[in-house]
Amino acid sequence: MGTGPMPGSPVGLMGLCPLAGPFPTLSIHVYTQREVHGTVGSHVTLSCSFWSSEWISEDISITWHFQAEGSRDSISIFHYAKGQPYIDDVGSFKERMEWVGNPHRKDGSIVIHNLDYTDNGTFTCDVKNPP
């Protein structure tokens, strides 16, 4: 038998909410949950909502990054652009991620299925609404 965490063990996930945009009057405010907890083997929704003083452009993009606990490096795990979701083909998330957001409803949320202890870390949602 393996020595990994047992199903039902807690997994802690953290979210960051950066502000995007070059000028205060054109900024996007991004909101995420500060902490999200799940259990190994379950799924969790990483919520990302945003508000913009401008209309939602067809060129809106949403990118999710992951920084593993104790790591200095961050990797891109998901990208939404040109009306299409793209799950990045790196890391352990590529087979376990689901897009549940809707940019026209100001929602950039994703679901991670089959949580693993190695999912502990910081997830960042970055939204850009050009111009």
Take R96 and D116 through the test salt bridge (charged side-chain N to carboxylate O under 4.0 Å, His left out) and record every step on the way to the result.
CA-CA 10 Å; R96 302 184 294 129; D116 188 78; over 6 Å; no
Audit row: T63, D126, side chain to side chain donor-acceptor pair (under 3.5 Å) steps and yes/no
CA-CA 5 Å; T63 304; D126 181 29; 5.2 Å; no
In sequence, state the C-alpha distance, the side-chain angles, and the governing distance for L115 and V40, and then conclude on side chain to side chain contact (heavy atoms under 4.5 Å, CB included).
CA-CA 5 Å; L115 287 175; V40 171; 5.6 Å; no
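In this structure, the separation between CD on E98 and NE2 on H113 is 4.0 Å, given to the nearest 0.5 Å. Atom CD1 of residue I77 and atom CD of residue Q67 lie 12.0 Å apart, to the nearest 0.5 angstrom. One finds the OG1 atom of T124 at 7.5 Å from the NE2 atom of H65 (value rounded to the nearest 0.5 Å). If you take CG on N129 and NZ on K106, they are separated by 9.5 Å, rounding to the nearest 0.5 Å. Residue N102 holds its CG atom at 10.0 Å from OG of S109, rounded to the nearest 0.5 Å. Rounded to the nearest 0.5 Å, atoms OH (Y86) and OG (S76) are 13.0 Å apart.
Within the 4.5 Å cutoff, the side chain of F78 has heavy atoms near those of the P85 side chain. The shortest distance between side-chain heavy atoms of S47 and D107 does not fall below 4.5 Å. For the pair I56/F50, a side-chain contact is recorded, criterion being any heavy-atom separation below 4.5 Å from C-beta on. Side-chain contact check for D88 versus H79: some heavy-atom pair is nearer than 4.5 Å. Looking only at side-chain heavy atoms (C-beta outward), I28 and K128 stay at 4.5 Å or farther from each other. Annotation: side chain of I112 is in contact with side chain of L46 (closest heavy-atom distance under 4.5 Å). In this structure, the side chains of E58 and H104 come closer than 4.5 Å at one or more pairs of heavy atoms. With a 4.5 Å cut-off on side-chain heavy atoms, Q33 and E35 do not count as touching.
Counting all heavy atoms, side chain and backbone alike, S71 lies closest to D73 at OG-N, 3.0 Å. The minimum heavy-atom distance linking C125 with T32 is given by the pair CB-CG2, 4.1 Å. The two residues D119 and N114 make their nearest non-hydrogen contact at OD2-O, 4.5 Å.
With salt bridges taken as basic N to acidic carboxylate O contacts below 4.0 Å, one links D59 and K82.
W64 places a side-chain N or O within donor-acceptor distance of the main-chain N or O of G108, the cut-off being under 3.5 Å. With hydrogens and angles ignored, the 3.5 Å screen pairs a side-chain donor or acceptor of S57 with a backbone N or O of P130.
In summary, the aromatic rings of F93 and F66 are positioned with their centroids under 6.0 Å apart.
Within 6.0 Å of the NE2 atom in H43, the count of heavy atoms belonging to other residues, nucleotides or ligands does not exceed 12.
Cluster annotation: I75 and W99 are assigned to the same hydrophobic cluster (Ile/Leu/Val/Met/Phe/Trp/Tyr, side-chain heavy-atom contacts under 4.5 Å, transitive).
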